[in-house]
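Working notes for the structure below.
A quick note: this is a predicted structure, and the numbers were derived from the prediction, not measured. A, B, ... follow the sequence lines: proteins, then strands. Residue 1 opens every chain. Side chains included, hydrogens not; waters and symmetry mates left out as well; all remaining heavy atoms used.
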Protein chains: 2
Amino acid sequence: MKNDNLKKSGLKATLPRLKILELFEKGEEHHLSAEDIYKKLVLLDEELGLATIYRVLTQFEAANLIVRNHFEDGRFVYELNKGPHHDHVVCDRCGKVDEFVDETIENSQREVAEKFGFKITAHSLQIFGICPKCQSESLQQS
Amino acid sequence: MKNDNLKKSGLKATLPRLKILELFEKGEEHHLSAEDIYKKLVLLDEELGLATIYRVLTQFEAANLIVRNHFEDGRFVYELNKGPHHDHVVCDRCGKVDEFVDETIENSQREVAEKFGFKITAHSLQIFGICPKCQSESLQQS
DNA sequence: ATGATAATGATATCGCTTCTCATATTCATT
DNA sequence: AATGAATATGAGAAGCGATATCATTATCAT
Ligand SMILES: [Zn+2]
Ligand SMILES: [Zn+2]
Ligand SMILES: [Zn+2]
Ligand SMILES: [Zn+2]
């Protein structure tokens with residue numbers, strides 16, 4: 001039950017938190033910004049204050065329920081934290097996001113950090129490019 | 001001569017542009033934000049408008065004179081574009097930045113992009129952690 | 001049901017960046 | 001060197017994502 005999920009994280013089971021968690025678990029879209037969530041809830045006639053959404057996202061991240069990502073478009077997007085860490089391939093044109101896990105890269109990162117004596121806490125890797133669909137669309141234009 | 005550098009890029013050799021380029025080439029600090037540049041120029045009694053600095057940085061980047069980076073602290077930093085591409089290791093505590101080049105990672109990224117059919121345009125990789133100096137400082141406290 | 005504790009939401013504010021537009025500078029041409 | 005068309009500058013406003021404030025409301029152990 002969702003209630004328990006929240007309580008295990010030390011968070012009261014409030015309506016806003018349940019709505020937001022539900023949205024993520026419904027999973028129509030994988031990576032959601034605060035604004036995305038706000039708009040989706042408005043459509044469902046479930047309006048929450050934007051401030052609440054920002055707060056809840058921060059709390060969910062601290063509780064490791066969700067993971068925060070920054071795809072260089074000026075805002076943060078969040079996704080449910082299920083399964084192992086992954087990185088992202090992002091289309092410059094349409095915003096499509098693919099996910100990947102690459103142990104070679106992960107290992108090399110650890111080696112780099114070690115070489116500099118850093119105790120690694122996190123990393124952020126995005127590959128930007130043009131997705132197949134957008135490639136074929138530009139061909140048609142020219 | 002710096003004038004020619006700018007003209008080759010199709011940019012008029014104006015005072016603001018020369019001052020900013022000079023700051024980068026002096027190289028006291030490697031990664032500079034717009035605000036950093038503004039403050040440094042104020043100290044040198046060479047005040048420019050902040051708007052101009054932002055504009056010039058955008059132009060320099062478009063002209064490939066400088067490279068833009070985002071270290072997840074909410075603003076962009078720029079560095080002179082000399083030599084090959086590199087990525088960054090960033091200290092969460094003090095902000096120290098080390099640079100590295102890792103062909104294994106670069107190659108794996110190309111493979112990932114290929115696997116998804118993306119035509120790669122850029123990537124962004126930062127490793128975050130605690131630098132050696134900050135590690136020893138936390139030891140002393142506890 | 002009650003009340004202490006914590007959460008919400010409207011709004012103000014923040015920090016970084018971009019936009020606007022009147023003024024000033026650059027630079028090719030005389 | 002002076003002229004003028006084209007371009008750049010800078011002060012301030014505005015944009016935008018995110019955070020802070022604070023009076024009101026909801027939660028949940030008792
Ligand atoms: Zn695309
Ligand atoms: Zn993801
Ligand atoms: Zn440090
Ligand atoms: Zn660098």
Going through the distances and angles, do A/F118 and A/I120 end up as a side-chain contact (heavy atoms from CB on, under 4.5 Å)?
CA-CA 6 Å; A/F118 271 65; A/I120 200 167; 5.9 Å; no
Could you state the atom-to-atom distance from CG of B/L21 to P of D/dA8 in whole Å?
16 Å
In whole Å, I'd like the distance from the CD atom of A/Q59 to the P atom of D/dT27.
15 Å
What is the distance from atom CD1 of B/I37 to atom CD of B/E46, rounded to the nearest 0.5 Å?
13.5 Å
When rounded to whole Å, the OH to P distance for the pair A/Y38 and D/dA18 reads 15 Å
To the nearest angstrom, how far is A/R75 atom CZ from D/dG15 atom C1'?
15 Å
SB check B/E29 B/K40 (cutoff 4.0 Å):
yes
May I have the step-by-step check of side-chain contact (heavy atoms from CB on, under 4.5 Å) for B/I127 and A/F116, ending in yes or no?
CA-CA 11 Å; B/I127 300 174; A/F116 287 106; over 6 Å; no
Overall bend of the helix from C/dA1-D/dT30 to C/dT30-D/dA1 (five pairs an end, 10° steps) is 30°
Could you tell me the separation between the CD atom of B/E72 and the P atom of C/dC16, rounded to a whole number of Å?
15 Å
So if I take every side-chain heavy atom of A/T58 and compare against C/dC16, D/dT19, C/dT8, which nucleotide ends up nearest?
D/dT19
Go through the steps to decide whether A/E137 and A/K133 satisfy the test salt bridge (Lys or Arg N to Asp or Glu O under 4.0 Å), and finish with yes or no.
CA-CA 6 Å; A/E137 281 172 12; A/K133 185 155 154 288; 3.7 Å; yes
Ring centers of A/H123, A/H85 separated by less than 6.0 Å
yes
How many whole angstroms separate atom NE2 of A/H70 from atom P of C/dC16?
14 Å
Residue pair A/L48/B/G74 against DNA chain C: nearer the 5' end by closest nucleotide is A/L48
same_hphob_cluster(B/V97, B/F128) at 4.5 Å side-chain heavy-atom cutoff:
yes
Considering only C/dT8, D/dG10, D/dT19, which nucleotide approaches the side chain of A/R17 most closely?
C/dT8
A/R17 vs A/E22, salt bridge (Lys or Arg N to Asp or Glu O under 4.0 Å): CA-CA, chis, key distance, verdict
CA-CA 8 Å; A/R17 302 214 256 241; A/E22 196 175 348; over 6 Å; no
Around atom CD of A/E99, are there more than 12 heavy atoms of other residues, nucleotides or ligands at under 6.0 Å?
yes
Out of C/dG9, C/dC16, D/dA18, minimum distance to the side chain of A/Y54 belongs to D/dA18
Strictly under 4.0 angstrom, non-hydrogen atoms only: write out the protein contact profile of nucleotides 19-30 of chain C, one letter per nucleotide from the 5' end, B, S or -.
BB-----BS---
Integer-rounded Å distance: C/dT18 P and B/E61 CD
10 Å
From CG of A/L50 over to C1' of D/dA20, roughly how many Å is that when rounded to an integer?
14 Å
